[in-house]
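None of these values were measured; they are calculated from a predicted model. Numbering of residues begins at 1 and proceeds along the displayed sequence. Atoms within each ligand, like the ligands themselves, are counted from 1 in listed order.
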Amino acid sequence: MTIPEHLNNLKGSPLSFELLPPVKGSSIDTIFSTLDQLMEFAPPYINITYHREELTYLTQNGKKVPAVVRKRPGTVGIAAAIKEKYRVDVVPHIICGGFSQHETEDALIDLDFLGIRNLLVLRGDGDKITGQFEPHHEGHTHAIDLLHQIMRMNQGDYLERYIDNPSPTHFSVGAAGYPEKHQESPNPDADLFHLKQKVDAGAEYIVTQMFFDNNVYFDFVDRCRKAGITVPIIPGLKPVAIKQHQNILPKMFGVTIPTELSKAMSRCATNSDVWQLGVEWCTAQAKELLANGAPLIHLYTMGRANNIVEIAKGVCN
Ligand code: FAD
């Protein structure tokens, strides 16, 4: 089923979970043990993130040396494994960063052969050290360019020109939206303009960046509707879990921690108090969003399940 079809026929819980592939060298069981807990809530589908290589510093002989590493490979394989083991639809993310158009085409062929129909199409994060996004020299600069490539493949139009009678792929795609605008965008209107372009190019739904004040989402949905964006807009939520999130999340994702939440975090004596606060805040957000027309809640697990399980219990029970 495509994601819009799921949204129109919701069975199970109104929650989807976004998982990260295990770090390189870890067993697939690490993700299965997380999923064993989350599948109890019968999510309609599971998202799996994609990660490009990154520049980091490794310590060699006591010295820090720069190195390019790919910490989390395996998105295609893990998506297929989850689909097979849990009989649930999966939504692998597919990103521009780090991939040539030909490599992307081959990954898409693998996904099509595996019977995976849904994709979340993204540009990908910038470099962890500089914060800048550098496209592959034979790759795409923006999510919309990748979206166009996928739509062409859905028409049987591959990059390779020697193919006789090419078979069209069958992907249904979603795109990312930013209620508080994307960090690099000069203003909300410019960001909305590019979001509308992604929808006009074939994105059938939007998943939002995290936010901590539901009014930010309601206002975003209003602005999207006024701009002629009519597709479902799925709110993305992440619970705060440690004190440092007050600074890390705004810096990394360009999101605001509202005053009330920030003050409550400051009053917490320990990180386990912040964890509990995060669960309660996120559960209240999810309930209010669902009561006011949100089609589903996309929960960013960031590789941790215990707080997400508590939120799912709070929403579903
Ligand atoms: P784009 O749509 O390309 O937009 C990026 C910026 O460029 C915006 O400021 C936009 O306004 C502007 N822009 C867009 N099109 C144009 C154009 N044609 N000309 C000029 N400017 C333009 N990152 C990962 O690496 N892996 C993941 O798995 C992943 N999953 C995510 C899931 C969700 C739900 C969200 C919200 C984000 C996710 N990200 C992931 C992060 C995402 O890749 C970053 O936020 C990235 O910086 C932007 O991605 P995008 O697809 O929105 O890019």
Side-chain angles (χ1 to χ4, degrees), residues 3 16-21 45-55 70-76 78-79 90-99 104 107 111 118-128 130-136 139-150 173-203 205-211 216-217 220 223-224 227 229 231-238 249-255 294-303:
I3 302 312
S16 68
F17 303 111
E18 179 183 296
L19 302 176
L20 280 66
Y45 59 90
I46 299 287
N47 283 67
I48 304 113
T49 57
Y50 216 127
H51 300 265
R52 67 175 300 173
E53 80 291 347
E54 54 187 86
L55 182 62
R70 183 105 192 272
K71 285 190 186 156
R72 294 184 187 272
T75 300
V76 173
I78 208 119
V90 285
V91 186
H93 296 184
I94 185 122
I95 60 172
C96 308
F99 298 94
T104 296
L111 289 164
N118 294 292
L119 304 171
L120 190 66
V121 175
L122 302 140
R123 184 193 72 177
D125 287 324
D127 180 272
K128 288 248 171 3
T130 64
Q132 300 295 315
F133 176 80
E134 277 298 328
H136 186 285
H140 296 300
T141 305
H142 284 292
I144 192 168
D145 308 317
L146 174 53
L147 224 147
H148 283 310
Q149 180 177 5
I150 297 166
V173 303
Y178 300 82
E180 298 187 69
K181 96 166 180 60
H182 184 258
Q183 292 123 296
E184 295 162 32
S185 191
N187 58 62
D189 289 342
D191 207 27
L192 205 59
F193 172 80
H194 292 302
L195 181 59
K196 171 102 170 35
Q197 282 187 320
K198 293 194 278 192
V199 172
D200 292 344
Y205 62 98
I206 293 163
V207 186
T208 78
Q209 181 57 280
M210 67 186 77
F211 55 89
V216 165
Y217 169 82
F220 177 64
R223 287 190 292 115
C224 284
I229 297 172
V231 297
I233 302 175
I234 300 170
L237 295 182
K238 179 201 149 31
L249 299 178
K251 192 170 168 214
M252 279 187 74
F253 301 105
V255 295
L296 185 111
I297 307 291
H298 175 102
L299 284 168
Y300 294 100
T301 70
M302 305 259 178

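In this structure, Thr104 OG1 and Gln149 CD are separated by 5.5 Å, a value rounded to the nearest 0.5 Å.
Not a single heavy atom of Phe193 sits under 4.0 Å from any atom of ligand 1. Heavy-atom separations between His51 and ligand 1 are all 4.0 Å or longer.
Taking any N or O of Gly124, backbone or side chain, at least one lies under 3.5 Å from an N or O belonging to ligand 1. Between His93 and ligand 1, an N or O atom pair is found at a separation short of 3.5 Å. Considering backbone and side-chain N/O of Thr141, none are found under 3.5 Å from N/O of ligand 1. Among the atoms of Lys198, some N or O lies under 3.5 angstrom from an N or O of ligand 1. Between Asp191 and ligand 1, a contact under 3.5 Å exists for at least one N or O pair. The N/O atoms of His298, backbone and side chain alike, include none that comes under 3.5 Å of an N/O atom in ligand 1. Taking any N or O of Tyr178, backbone or side chain, at least one lies under 3.5 Å from an N or O belonging to ligand 1. At a 3.5 angstrom cut-off on N or O pairs, His142 counts as close to ligand 1. At least one N/O-N/O distance between Ala143 and ligand 1 falls below 3.5 Å.
Aromatic ring centroids of Tyr300 and Phe253 lie 6.0 Å or more apart.
Contact annotation: for Glu18 versus ligand 1, heavy atoms closer than 4.0 Å belong to the side chain alone. Heavy atoms from both the backbone and the side chain of Asp125 come within less than 4.0 Å of ligand 1. In Arg52, neither the side chain nor the backbone holds a heavy atom less than 4.0 Å from any atom of ligand 1. With a 4.0 Å heavy-atom cut-off, ligand 1 is reached by no atom of Phe253. By the criterion of a heavy-atom distance under 4.0 Å, both the backbone and the side chain of Arg123 are placed next to ligand 1.
Of the options Leu120, Ile234, Ile233, a side chain to side chain contact (heavy atoms under 4.5 Å, CB included) to Ile206 is made by Ile233 and by none of the others.
Ring pair His142/His194 is parallel by interplanar angle, where below 30° counts as parallel and above 60° as perpendicular.
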_Evaluate Lys198 against Val121 for side chain to side chain contact (heavy atoms under 4.5 Å, CB included), listing each step before the verdict._
CA-CA 10 Å; Lys198 293 194 278 192; Val121 175; over 6 Å; no
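Of the candidates His182, His194, Gln197, His194 brings a heavy atom nearest to atom 17 (C) of ligand 1.
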